[in-house]
Every structure is written in C-alpha cells, then in structure tokens.
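Scroll down for the structure; my scribbles are underneath it.
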Amino acid sequence: MSPALSAVARPRLSRPSWLSPKVFRTEVLAGLVVALALIPEAISFSILAGVDPRVGLFASFTMAVVISICGGRPAMISAATGAIALVVAPLAKEYGLDYLIAAVILGGLIQVLLAVLGVARLMRFVPRSVMVGFVNALAVLIFAAQIPHLLGVPWLVYPLVALALAIIVGLPRLTRAVPAPLVAIVALTVITVATHVAVPTVGDQGALPDSLPTLGLPRIPWTMDTLTLVAPYALGIALVGLMESLMTAKLVDDITDTRSDKTRESWGQGVANIVTGFFGGMGGCAMIGQTMINVKAAGARTRLSTFLAGVFLLVLVVALGDVVAVIPMAALVAVMIIVAVSTFDWHSVAPATLKRMPWGETTVMLATVGAVLATHNLAVGVVVGVLTAMVIFARRVAHLVEVTSVLDPDGATRIYAVRGELFFASSNDLVHRFDYAGDPDHVVVDMTHAHIWDASSVAALDAVTTKYAARGKTVEIIALNQPSAAIHGTLAGTLGGGH
C-alpha cells in the first residue's frame, strides 16, 4: 500500500478545540476566575460542615481535576458544595473528620453503582417547570449567600462592590479579550492594597493551607457498626450530589446547545468523591454558581477550564496564599451577585408569561422554589417539584376518561364505550359510570379507545363485572389493545374488585 493510501486509510484523530490559541486563552482565564471564586466558597462550606478550611479547599481541588477527566459535561465545575456540607455536618460534629471521609468514599461508591443502574435516565422525568424553579431558587440562594458579606461591614465595601459591578457589566461592551470578573477582582485588590483601606478580605474567611494534600485512609474501625453509622450519610451524599450535578449538567446543556453524557457524569461524580475522600476532602458535586461563571461570564466550553480551575486553586492557596488572602471580599461578592442576576429566569416571572402559563406549571415552579428556600437544599426542591408535577398531571389526566353508552337496536344489549387512560387516579370513579339496575342482561364494555396502565384499573373493571353479576347480568369486555389485554388477563379476578 502506498504512503498516500496508507494515510487515507488511517483514521484521523480529532484535534482538541482548546489547542486553538483563542480558545486556550479563554479556558485559561476562565479557570483562573473560577479558582478565585472557589476559595471563599470552599472555606465557607468547610465552616458549615464543621471542619478545617483546608478540607474544603482540597476537596474543591480534587473534585475539579478528577471530574474534568471523568465527567460527562465539559466546562461544568464540581467542588465542595453547601448541599454536601449540610449532609455531612452532623456526622463531622458528632464523630469527627475520619468518619466524614469514610462517608464521602462510600457515597462515591454508591454514585458509581447508581450510574451503572442507569439513574441518569431518570432525568427525562424532570419537567421544565421544575427546572425553571431549580434555576430561580438557586439564583435566590446565591444572592442570599452574599448578604452576610454586606452587613456590618465598613462603608467602603459598598462603593467597592458598586465599582466591581460596573466593571463586570460595562467591560464586555468594550472588550471580551479578558473576563470582566477577573478584571474586577484584580482592580479592587490593587485599589485596596494601594490605599491600605481596611475591608474584609479572603484571608479573613479562614486560614489557607501551606502544604499539598496527602493520600491516606480514614482512621476508623472497619466494622459493621461503622458501616451502619456512615451509610445513611453516604446515601445522602450520593443522592444530593447526583441530583444537583445532573440538574446543573442539564442547565449547561441548554445554555451551550450541546448534549452531555449524563451516565458518564454520574459515575464521574462517584470517582471524584472517592478520590477526594482518599485525599482527605469533604466531598462535593457540581457547583451551579461557579459553573455559571465559567460558562456564561467567562465563555468556557471545554474540560481544560475545569481542570485548570482545580490546578489554579491549589497553586493560589498553597504557593500564593499571601496574595490571595488580600483579595477583598467585595470583588467576589460582586461576581456572585452578577451570577445570581444572570442565572434567574426573569422571563418565567414576567406578568405576560404568568398570564399565558397554565396554573399547574406555575404551581410546580413555585413549589420547587419554596421547598428549596425552606430547606436550603436543591435536591429536596427538585423532589417536591417532581411530586407536585406528578399529582397535577394525574389530576389533569383523571378527568380525561369518558364513558358513553348506546342501547343495541334489539334492546337486549347495552354497549359502553370507554375512552382515555385508565390508571389509579382516573379509574376510581369508573365504577359509578354504569347503570347496574337499569341495563339489560347483557352488557358490552368497548375498550377500543382506552388503555389500562395499572392494577387499580383492572380492579375497577372487576368491580363493574361483579356488580352486574350480583344482578344476574353478564359483562363482556372487548377490544383491549395488546398491553392492556396482557395486564387484564394476568390480574382479572385476583384483586378482590367486588369487595
């Protein structure tokens, strides 16, 4: 074979997009901005979990680096999060850091198992109204988290925040060569250092580590009692982490008009938590706020930005800790306020939208937002929203079943035509749609335009047959489609429908 033909026969490897100088610059600068934004968050979440700040910072480093390789959603940021901190805080307070780390490792293993079992496919059952509620609640939580940094502080903080907001909003209208949040952070740091003004800084949030994380096992008794103790917390870490991560991945899919691998993201989160646990981190999941900084504010689209966010974070806190410590919190507060405002779906609460939107959709959105704000747990909000949507859907579909009847010309047979979807909500009042006393001795129930979904519907048909039989009349059920005939044939007469 000639060299030319050989070259044609060989498959051409795709060139990573980040090798382009323009894309590379965007990804590097985005990673730096995200790393700076991660530091105070990681410290805050460590305090919330009741552990040393380095536990959250190391977790953010390992989560970001591992998920950049194993995850299924490029450009999404995973790190230590408040949701996971809330789950593990009672365990850390009562039993200490080693038990927390054991729970993180076990939680990662559970996430890998759930990924193998196909949990990511459940995302198709999350309605759009729940997604909107999730995003809006998240925006409110991000904004609310900045309020403590604006209360009881020197008055100079307010003009600094205003200046940072002006830079972040105004700079993109002049140039997008450098991320506006990074310019705001650098500008405010230079101003506060040069003028020696006393305002809260990153260093005030907690001590930064001065060494690299080390690999090790938690010092715990490896017994069944320990497993029983940490298992509930591990399950909480796994479920909350997966739910937030998959919801965030779906949000980024919509923003970037690309599709992510949810199954890969699920087991990637598990691997990231396992690695994080072995390096003494507190575990984590996808971070919506930092992801929005990365994707929307900085324009990142590849895994490189996620990887560099973790690397830059470690370099900043270990090698450049003294520099990072003097960054004013006002700059980071301004960045997160912009993230909150841009994350909120303002169209969803516009009067014109609310007027056109079905009441059920609005109810589901409000239920999701309300549950999140009440519990400060996004996973709880999603579950409440999905359950509310299911109830409203069931109620709506239940009213779509119609029963009409005609008398056969000879007067000896009454034919009932059932139309609609029969399930537990819609089949409950089916029994009351028949005239048991007035009908002739032979009754036909025509199911041509109906579908049986569950045992409740079979039991309802059994009850109809039993009531006619008690009056010496016979019932013939006809025209069942194949799935309906299968479930009816299996369960009919076995459910006690006549009782």
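In this chain, residues are counted from 1 in sequence order. Not measured: the values here are computed from a predicted model.
With values rounded to the nearest 0.5 angstrom, Ile337 atom CD1 is found 11.5 Å from Ile142 atom CD1. Separating the OG1 atom in Thr302 from the CZ atom in Phe307 is a distance of 11.5 Å, to the nearest 0.5 Å. Here CZ of Arg471 is found 11.5 Å from OG1 of Thr466. Values are rounded to the nearest 0.5 Å. A distance of 6.0 Å separates CG in Leu38 from CE in Met287, rounded to the nearest 0.5 Å. A distance of 11.0 Å separates CD1 of Ile84 from OG1 of Thr276, quoted to the nearest 0.5 Å. To the nearest 0.5 angstrom, Leu251 atom CG is 9.5 Å from Thr256 atom OG1.
Using modelled atom types, one finds no donor on one side chain facing an acceptor on the other under 3.5 Å when comparing Thr223 with Asp225. No hydrogens or angles considered: a donor-acceptor pair under 3.5 Å links the side chains of Ser457 and Asp454. For the residue pair Arg121/Thr263, the side-chain donor-acceptor check at 3.5 Å is not satisfied. Checking Gln269 against Ser78 by side-chain atom types alone, a donor-acceptor pair falls below 3.5 Å.
Between Ile338 and Pro181, the closest side-chain pair of non-hydrogen atoms is not below 4.5 Å. In this structure, the side chains of Val126 and Lys250 stay at 4.5 Å or more apart for every pair of heavy atoms. Side-chain atoms of Met76 and Ile67, non-hydrogen and from C-beta on, never get closer than 4.5 Å to each other. No side-chain heavy atom of Val140 sits less than 4.5 Å from a side-chain heavy atom of Val369. The closest side-chain heavy-atom distance from Phe278 to Ile105 is below 4.5 Å. Between Val364 and Glu361 the shortest side-chain heavy-atom distance does not fall below 4.5 Å. Annotation: side chain of Val445 is in contact with side chain of Phe434 (closest heavy-atom distance under 4.5 Å). At a threshold of 4.5 Å between non-hydrogen side-chain atoms, the residues Glu41 and Leu332 do not count as touching.
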Between Leu100 and Met282, is a side chain to side chain contact (heavy atoms under 4.5 Å, CB included) present by the stated rule, with each step listed? CA-CA 7 Å; Leu100 182 155; Met282 59 177 278; 4.0 Å; yes

For Leu109 and Leu113, what are the C-alpha separation, side-chain angles and deciding distance, and is it a side chain to side chain contact (heavy atoms under 4.5 Å, CB included)? CA-CA 6 Å; Leu109 291 171; Leu113 176 62; over 6 Å; no

Does the pair Asp253 and Lys262 meet the rule for a salt bridge (Lys or Arg N to Asp or Glu O under 4.0 Å), with working shown? CA-CA 11 Å; Asp253 289 353; Lys262 303 297 191 302; 2.6 Å; yes

Give the C-alpha distance, both sets of side-chain angles, the deciding distance and a yes or no for side chain to side chain contact (heavy atoms under 4.5 Å, CB included) between Met336 and Ile293. CA-CA 8 Å; Met336 298 310 293; Ile293 293 174; 3.8 Å; yes

Check the pair Val341, Trp346 against side chain to side chain contact (heavy atoms under 4.5 Å, CB included), reporting the backbone distance first and the verdict last. CA-CA 9 Å; Val341 172; Trp346 296 99; 4.1 Å; yes

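Listed for the Arg414 side chain is no donor-acceptor partner under 3.5 Å among the backbone atoms of Gly438. The backbone N or O of Gly299 sits nowhere less than 3.5 Å from a side-chain atom of Asn294 that would complete a donor-acceptor pair. In this structure, Glu27 contributes its side chain and Arg301 its backbone to a donor-acceptor pair below 3.5 Å. Between the Arg419 side chain and the Ala450 main chain, no donor and acceptor come within less than 3.5 Å of each other. Between the side chain of Ser484 and the backbone N or O of Ile452 there is at least one donor-acceptor pair closer than 3.5 Å. Between the Thr490 side chain and the Ile487 main chain, no donor and acceptor come within less than 3.5 Å of each other. Remark: side-chain polar atoms of Asp345 are not paired, donor with acceptor, to backbone N or O of Asn136 under 3.5 angstrom. Side-chain atoms of Ser46 come within 3.5 Å of backbone atoms of Gly56 as a donor-acceptor pair (strictly under, hydrogens ignored). Looking at Glu421, its side chain never comes within 3.5 Å of a backbone N or O of Trp453 through a donor-acceptor pair. A donor-acceptor pair is defined here as one N or O able to donate and one able to accept, closer than 3.5 Å; such a pair exists between the side chain of Thr353 and the backbone of His347.
Of all non-hydrogen atoms in Lys473 and Ala437, the two that sit nearest each other are NZ-O, 3.1 Å. Shown here for Gly283 and Val104, the closest heavy-atom pair between the two residues is CA-CG1, 3.7 Å. Residue Ser305 comes nearest to Ala300 through the heavy atom pair OG-CB, 3.5 Å, listed as atom of the first residue, atom of the second, then distance. Summarising the geometry of Ala145 relative to Pro148, their closest heavy-atom pair is O-CD, 3.4 Å, with the distance given to 0.1 Å. Ala309 and Ile77 get closest at one heavy-atom pair: CB-CD1, 4.3 Å. The shortest non-hydrogen separation linking Ala460 to Ser427 is CB-O, 3.6 Å.
In this structure, Tyr468 and Tyr416 have tilted ring planes: the angle between them lies in the 30° to 60° band.
With Arg73 as reference, Thr258 is the one residue of Asp261, Thr258, Thr306 to meet the side-chain hydrogen bond (donor to acceptor under 3.5 Å, both in side chains) rule.
Other residues, nucleotides and ligands contribute more than 12 heavy atoms inside 6.0 Å of the OH atom of Tyr436.
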